[in-house]
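A note on names: the letters A, B, ... follow the listed sequences, proteins ahead of strands, and every chain is numbered from 1.
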There are 2 protein chains.
Amino acid sequence: MDEKTQAKFDARARIFKAMGHPTRLFIVDQLARDGQRCVCELTEMIGADMSTVSKHLAVLREAGIVRDEKKGSQVYYALRLPCVVNFFDCVESVIKCNAKAQQELID
Amino acid sequence: MDEKTQAKFDARARIFKAMGHPTRLFIVDQLARDGQRCVCELTEMIGADMSTVSKHLAVLREAGIVRDEKKGSQVYYALRLPCVVNFFDCVESVIKCNAKAQQELID
DNA sequence: TGGCGATTTGGCTAAAATGCCAAATGACCA
DNA sequence: TGGTCATTTGGCATTTTAGCCAAATCGCCA
């Protein structure tokens, strides 16, 4: 694999890696539904330490998946590109397909 | 986050995590193009140890993204659901959007 | 200005992911 | 059957991630 190809797949992988955590996917899902949420709202929904949620948000931000906007002392996050939601349909198909294959092993 | 929600996002995250590595994305891309490839072909394209490639393929297989088929002494891998390729369009948009934002910082 | 609430950052430990080598397994052919 | 090629598995060192606490920032209002 040449250097350019490597760089291309590195960049792509960074996006997937950023989505590859249940808490971060939950955040993406929430933002897709509600448009925007502040850190404290997300923290309450998730039920983890706020510093943990803040770090997850930083991962998403650094990957370019979300953007942040300060409003007074609060910081609101929103999806930068709504298309990331399209991922979920296919992911659900994979999960369904997995479940079906599991079932067939049992039958 | 209740237990059921947690499980749902765990399952989703597993798929993204499996795609979250440049070598594995390269494999997915190749399989999307060529339909199927054996381990030795992929190993040569990637230029890593065959055991490393085999382990990456195992990650994709366990996530349900690829399936394997033995043909004699070789093992061919293929995408289980072609829709995963749709991911790439949006990922490219995010990358383009990131590049644009970077550019604007410089200007 | 002092203090409070919201958020981020630093630091630390435990867990998971990577990638190589070496060894085991499996299929095939002489 | 012995040998060889393709693949997987085990083991190990190194790096990266995750999540908590404590401390530092930042904005705002009395």
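The nearest whole Å value for the distance from the CD1 atom in I27(B) to the C1' atom in dT7(D) is 14 Å. dA17(C) atom P lies 11 Å from atom CD of E62(B), rounded to whole Å. Computed from coordinates, the L42(A) CG to dA6(C) P distance equals 14 Å when rounded to whole Å. In this entry the distance linking CZ of R61(B) with P of dT7(D) reads 12 Å, nearest Å. Atom CG of L57(B) and atom C1' of dT9(D) are 14 Å apart (whole Å). Taking atom CZ of F16(B) as the reference point, atom P of dA16(C) lies 22 Å away to the nearest angstrom. To the nearest angstrom, P of dA17(C) lies 17 Å from CE of M19(B). The interatomic distance linking E44(A) (CD) with dG5(C) (C1') rounds to 15 Å, in whole Å.
Not a single donor-acceptor pair under 3.5 Å links the side chain of D10(B) to the backbone N or O of P22(A). In this structure, E41(A) contributes its side chain and C38(A) its backbone to a donor-acceptor pair below 3.5 Å.
For the pair D29(A) and R33(A), the salt-bridge criterion is met [side-chain N within less than 4.0 Å of a carboxylate O].
Between I106(B) and Q102(B) the shortest side-chain heavy-atom distance does not fall below 4.5 Å. Using a 4.5 Å cut-off on side-chain heavy atoms (C-beta onward), M45(A) and L42(A) make contact.
Between F88(B) and F16(A), the ring planes are perpendicular. Angles over 60° get that label, and only those under 30° would be called parallel. Taking the six-membered ring where tryptophan is involved, the planes of F9(A) and F26(B) are perpendicular, since the angle between them exceeds 60° and thus also 30°. Aromatic ring orientation, F87(A) versus F87(B): perpendicular (interplanar angle above 60°, classes split at 30° and 60°).
Under the disulfide (SG to SG under 2.5 Å) criterion, C90(B) pairs with C83(A), sequence neighbours left out.
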One character per nucleotide, please: for nucleotides 18-30 of chain D, 5' to 3', B when the base has a protein heavy atom closer than 4.0 Å, S when only the sugar-phosphate does, - otherwise. SSBBB----SS--
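Of the side-chain N and O atoms in K17(B), one or more sit less than 4.0 angstrom from OP1 or OP2 of dA17(C). For Y77(B) and dT8(D), the shortest distance from a side-chain N or O to OP1 or OP2 is below 4.0 Å.
Within residues 3-12 of chain B, no residue is approached by DNA chain D to less than 4.0 Å at the level of any non-hydrogen atom.
Closest to the C40(B) side chain, of the nucleotides dA6(D), dT8(C), dT8(D), is dA6(D).
The residue among Q74(A) and A58(A) whose nearest nucleotide of DNA chain C is located toward the 5' end is Q74(A).
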